[in-house]
2 protein chains.
Amino acid sequence: MNDRLYKCLSSGNRRRILYCIGEEAKCVNEISDCLDLEQSLVSHHLKELVNCGLIEKERDGKKIYYRVSESEIIDLLEKGKELGDKLEERC
Amino acid sequence: MNDRLYKCLSSGNRRRILYCIGEEAKCVNEISDCLDLEQSLVSHHLKELVNCGLIEKERDGKKIYYRVSESEIIDLLEKGKELGDKLEERC
DNA sequence: CCATCATATGAACGATCGTTTATACAAATG
DNA sequence: CATTTGTATAAACGATCGTTCATATGATGG
């Protein structure tokens with residue numbers, strides 16, 4: 001029941017990556033600089049995000065650019081953020 | 001960054017529980033019958049869902065009834081389902 | 001072709017997760 | 001009060017996860 005999607009979104013760093021490339025495509029080094037994560041870690045997460053269909057890759061010379069594949073993905077993250085914030089107010 | 005919410009939603013059985021009590025409050029045994037899960041397993045998951053604020057409990061005699069705490073929760077699950085289905089069509 | 005830049009991959013690790021089993025607790029009923 | 005019904009908890013386990021480190025691959029420019 002949509003297990004792959006939820007599993008993929010359950011990692012905070014993967015969600016950060018999605019936000020990071022949500023507005024414009026970025027290459028691996030840009031992402032790892034932007035988020036201060038090791039290149040190999042970013043690559044691992046990108047691979048999983050591609051496998052889920054959440055992002056797409058496109059090569060341009062030496063660099064490979066990644067972009068979010070559907071706008072609904074960021075929408076869902078926003079919904080999740082709203083709900084998460086609302087639920088945490090209750091404490 | 002909303003880690004608790006996403007972690008909580010990353011379990012398929014927890015999502016099944018949310019759907020199960022999404023329309024009407026149910027007690028533990030009803031949930032475990034409904035989903036064919038062991039009572040202790042359901043209790044464990046209910047505890048985590050409560051800790052996240054996703055559900056609320058109310059005792060009535062021997063039984064304890066659980067309900068989803070915000071309607072946005074089911075909305076989010078629906079959004080997730082739509083997106084998950086859309087992403088899986090791509091294979 | 002060789003060096004370099006950009007990215008991917010594989011192995012390994014501790015940490016966390018979901019589940020099961022057994023047992024404890026709480027409320028009600030006789 | 002003893003029993004039963006309903007639920008919670010604790011310990012234990014294998015499985016999966018996120019991360020790191022080392023190394024490999026791919027493309028480009030000299």
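Atom-to-atom distance recorded for B:Ile31:CD1 and B:Asp36:CG is 14.0 Å, nearest 0.5 angstrom. Between the CD1 atom of A:Ile64 and the CG atom of A:Leu46 there is a distance of 9.5 Å, given to the nearest 0.5 Å.
Within 4.0 Å (heavy atoms only), A:Tyr66 reaches sugar-phosphate atoms of the nucleic acid but no base atom.
Closest approach of B:Leu5 and B:Cys52 over heavy atoms only: N-SG, 4.4 Å.
If you check distances only, the side chain of B:Ser40 does reach the base of C:dT21 with a donor-acceptor pair under 3.5 Å. Counting atom types as modelled, B:Gln39 pairs a side-chain N or O with a base atom of D:dA8 as donor and acceptor under 3.5 Å.
Residues A:Gln39 and A:Asn29 have side chains in contact (heavy-atom distance under 4.5 Å, counting atoms from C-beta outward). Residues B:Ser10 and A:Leu9 have side chains not in contact (no heavy-atom distance under 4.5 Å, counting atoms from C-beta outward).
Ionic pairing of B:Asp85 and B:Lys81 is present here: one or more N-O contacts between side-chain nitrogen and carboxylate oxygen are shorter than 4.0 angstrom.
Within a 6.0 Å radius of CD in A:Glu82, other residues, nucleotides and ligands contribute more than 12 heavy atoms.
Two residues, B:Lys57 and A:Asp60, neighbour DNA chain D, and the one matched to the more 5' nucleotide by heavy-atom proximity is B:Lys57.
Remark: the backbone N or O of A:Tyr6 is not paired with any side-chain donor or acceptor of B:Arg15 at under 3.5 angstrom.
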Fill in the blank from the handout: Contact string for nucleotides 11-19 of chain D, one letter per nucleotide 5' to 3', B = base within protein heavy-atom range under 4.0 Å, S = sugar-phosphate only, - = neither, reads ------SSS
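Regarding B:Leu49, its CG atom lies at a distance of 16 Å from the P atom of D:dT7, rounded to whole Å. Summarising the geometry, the separation between CG on A:Asp33 and C1' on C:dC5 is reported as 14 Å, rounded to the nearest angstrom. One interatomic measurement links the two molecules: CG of B:Asp36 to P of C:dT20, which rounds to 10 Å at whole-angstrom precision.
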Polar atom pairs (N or O), protein with nucleotides 4-6 of chain D, under 3.5 Å:
unit_1, atom_1, unit_2, atom_2, d
D:dT5, O4', B:Lys62, NZ, 3.4

